[in-house]
There are 2 protein chains.
Amino acid sequence: MLVAVDCIIFGFDGYNLKLLLIKRGFEPEKNKWSLMGGFVQSNEKPEDAASRVLRQLTGLKDVYMEQLSVFGKPDRDPLERTLSITYFALIDIKKYEKQLNDDYRAEWFQLERVPSLIFDHDEMVQQAKQKLRYKAALHPILFELLPEKFTIPQIMTLYEQVYEVELDKRNFTRKLRSTGLLIKQSDKDKENSKKGAFYYKLDKAAYTEKFTRFLNFISNPEYE
Amino acid sequence: MLVAVDCIIFGFDGYNLKLLLIKRGFEPEKNKWSLMGGFVQSNEKPEDAASRVLRQLTGLKDVYMEQLSVFGKPDRDPLERTLSITYFALIDIKKYEKQLNDDYRAEWFQLERVPSLIFDHDEMVQQAKQKLRYKAALHPILFELLPEKFTIPQIMTLYEQVYEVELDKRNFTRKLRSTGLLIKQSDKDKENSKKGAFYYKLDKAAYTEKFTRFLNFISNPEYE
DNA sequence: CCAAAAGTGTTCAAGCTACACCCATGC
DNA sequence: GCATGGGTGTAGCTTGAACACTTTTGG
């Protein structure tokens, strides 16, 4: 049996949550949109294959990545029985922009505008979105999508995008600060407003320490 | 590459949370304790393989089962490169008792008394325990471990076992009732006390409807 | 009548929701 | 000087935690 990995890669540009897709360069389904994937080599762990694939496409390593699940219907690939292990990755879209590998004709798509994908990749994306919501309601993983310095309005927009809700900025700010994960900087981002919004950095030590604690950023979402 | 499934099977006998293991009947590692597993056949989805394997061992079908993750280190099986997809299953231990298939020399082990297992199966069990805690803090899956009629002290013991904590019965009862998942019966279980404890059944409709909602049975556990 | 488990209520603290106004600045 | 987005505080309510006594009945 062939074993592949497919990566569901999320990015955030400050306004919208996006997905990185490639235009498939070979048959079957040549020129259709697809997730970035590759086969697990004989000397490789599946997670190493996923990191390798991600690095090939984006040039990035040490990216937040998590195993999602296995897709294994006997006929999911029409040519040959192939099992796919999916991984979802969260990357800072700005870091990536410079390193884009043009060989793959990759593009970012807003989540609402994702085209239909080959094989069972649509289902993979659905599952990844769900998992992202589930996980981000409990753990501070969305910081992985942000640049080193970010503002509170930015994070709030991110949460609003992920959950497709509108949040109250007073309550959100209070809750966010109460996590103790943020370090306020003295400079401001003035791109999005005249007054400017203070930058924050993530307190890495607190992040590591509190990662596995319950956070409850979003109350009573529907969980999968 | 060979692809196998391995099942982490949990059961509850009213007092202790248990794990079902088999004594391996073939080389390598013959006569060592192991999870029940099997290879994914060419016409089979992995989840079907898992159900099949579970049915072979226990005679049960329509069991609560969930994909856990993939274990894929190149050398995890010393003979041949084998990928394993793990599933965890929750079964009512009483239903099972009658149907035990003796071919596999299976035994239930209390979680604290699980022997060391072949290959990376120890790690699989660890992961399954963690996932069980995570999931059961948010969703009412532990009912899958109980018989059709059960008492509140039984469920409470089950939660105490899963999380290795002591709970307050007044608070627990109130929280449990507030879920609207239980239907009180008029008869009592008199096996465990003279006064007897009322039986309850699960309200199947409410269970299905509320499954994906946040429940928060356990406050602030450490999540994985 | 007594031992053993089942069942039940109240008080306090913390956290969540809803909600409206002032601030700083570029144009 | 005004439009735009950033930033802050309070009151009411809900939820969770802590805690002790009464009930039932088999032996």
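Chain letters run A, B, ... following the sequence lines, proteins first and then strands; every chain starts at 1.
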Exercise. Who passes ring pair (Phe, Tyr, Trp, His ring centres under 6.0 Å) against F150(B), sequence neighbours left out?
Worked result: F143(B)
Roughly, in whole Å, what's the span from [atom1] in [X] to [atom2] in [N]?
X	N	atom1	atom2	value
M156(B)	dG7(C)	CE	C1'	12 Å
K175(B)	dG9(C)	NZ	P	19 Å
L167(B)	dC19(D)	CG	P	15 Å
F172(B)	dT8(C)	CZ	P	15 Å
Q154(B)	dA6(C)	CD	C1'	13 Å
I155(A)	dG7(D)	CD1	C1'	14 Å
R177(B)	dT15(D)	CZ	C1'	17 Å
N192(B)	dG7(C)	CG	C1'	16 Å

Salt-bridge criterion met for [X] and [Y] (N-O under 4.0 Å):
X	Y	value
K18(B)	D13(B)	yes
K95(A)	E148(A)	no
E66(B)	K135(B)	yes

Exercise. Parallel under 30°, tilted from 30 to 60°, perpendicular over 60°: which one fits the rings of Y134(B) and H139(A)?
Worked result: tilted
Exercise. With a 4.5 Å limit on heavy-atom distance, are the side chains of N31(B) and R24(B) in contact?
Worked result: no
For this session: Any chance you could list the contact pattern along nucleotides 19-27 of chain C? Use B for base contacts, S for sugar-phosphate-only contacts and - for none, protein heavy atoms under 4.0 Å, 5' to 3'.
Result: BB--BBBB-
